[in-house]
Each structure stands twice: as C-alpha cells, then as structure tokens.
Amino acid sequence: MKKTISSVMLAALFAFTGCSKDDEDNGGDCRTCDVLTVSTELCDNGDGTVRVTALGETTTLTAEDLDGLSPSEYIETFCNATDLFGEVE
C-alpha cells in the first residue's frame with residue numbers, strides 16, 4: 001500500500017517538475033528534481049530499482065512499480081514532465 005501511495009503521489013506531481021543531474025560519490029546515477037517546492041532525488045540503483053527520496057522519506061521502487069519502464073526511462077520521464085505539460089508559473 002505504501003508503494004502504491006508513493007507511486008501515485010509521484011505521478012500526480014509530474015506536471016510540476018524541474019530537474020538537475022547529480023552523480024553520487026558511490027557511483028550511483030541520480031537526478032534531483034524540484035516538484036513545486038519539494039526537492040526529490042531519484043537514483044538508479046543499478047539493479048532494476050529506483051530509490052526515491054523526498055521530504056526526508058526514502059522508498060525503493062521495484063521493476064513492478066516502474067510499470068514497464070527501465071529505471072533510467074522512469075527517471076527521465078519524471079524529470080522531464082514539465083516538457084510535456086509546460087512550465088508552471
């Protein structure tokens with residue numbers, strides 16, 4: 001249930017996203033996306049999962065949670081959502 005709520009929350013925020021690319025010291029592939037006023041970090045864990053951190057809470061999305069997208073596709077889709085919906089002013 002927690003994963004479903006997190007996924008729905010993330011999907012609902014797609015329209016209000018801006019991103020910047022970050023590389024962690026541990027070699028992870030992470031992007032930090034600003035969703036309204038909330039900074040959200042999405043990291044490809046390299047094992048088919050994505051670690052999502054927002055508001056001090058961290059959850060890991062499994063391949064099932066990604067609805068058929070690869071981790072990098074999921075992160076790109078999330079962080080480029082403003083291109084689909086336009087800028088929010």
Side-chain angles (χ1 to χ4, degrees):
M1 181 72 172
K2 182 179 177 182
K3 288 182 182 181
T4 301
I5 292 171
S6 295
S7 294
V8 170
M9 179 186 81
L10 291 173
L13 296 175
F14 272 163
F16 307 104
T17 308
C19 297
S20 64
K21 176 79 171 165
D22 290 329
D23 289 320
E24 289 190 333
D25 292 337
N26 66 6
D29 185 21
C30 297
R31 290 189 69 177
T32 301
C33 305
D34 296 317
V35 181
L36 296 175
T37 59
V38 177
S39 182
T40 303
E41 182 181 59
L42 296 100
C43 298
D44 181 346
N45 293 326
D47 61 0
T49 64
V50 174
R51 185 180 70 242
V52 180
T53 304
L55 298 173
E57 297 288 326
T58 300
T59 190
T60 300
L61 303 177
T62 64
E64 182 179 299
D65 298 323
L66 303 181
D67 293 324
L69 296 174
S70 71
S72 60
E73 290 170 331
Y74 182 86
I75 293 168
E76 281 297 315
T77 300
F78 184 91
C79 289
N80 292 327
T82 54
D83 293 339
L84 299 174
F85 298 103
E87 293 293 325
V88 176
E89 296 184 28

*Asks:* Measure the spacing between CD of Glu41 and OG1 of Thr58 and express it to the nearest 0.5 Å.
*Replies:* 8.0 Å
*Asks:* Say you draw a straight line from CZ of Phe78 to CG of Leu61; how long is it, rounded to the nearest 0.5 Å?
*Replies:* 10.0 Å
*Asks:* Taking all atoms of both residues into account, what is the closest heavy-atom pair of Val38 and Ala54, and its distance?
*Replies:* CG1-CB, 4.2 Å
*Asks:* Looking only at heavy atoms, which two atoms of Ser72 and Asp44 are closest? And how far apart?
*Replies:* N-OD2, 4.1 Å
*Asks:* Could you give the distance from SG (Cys30) to CD1 (Ile75), rounded to the nearest 0.5 Å?
*Replies:* 7.0 Å
*Asks:* Pair Tyr74, Asp65 - check side chain to side chain contact (heavy atoms under 4.5 Å, CB included), show working.
*Replies:* CA-CA 10 Å; Tyr74 182 86; Asp65 298 323; over 6 Å; no
*Asks:* In chain order, what residues pass the salt bridge (charged side-chain N to carboxylate O under 4.0 Å, His left out) check against Glu73, with sequence neighbours excluded?
*Replies:* none
*Asks:* Can you list the residues that meet the side chain to side chain contact (heavy atoms under 4.5 Å, CB included) rule with Asn45, with sequence neighbours excluded?
*Replies:* Cys43, Asp47, Thr49, Arg51, Thr60
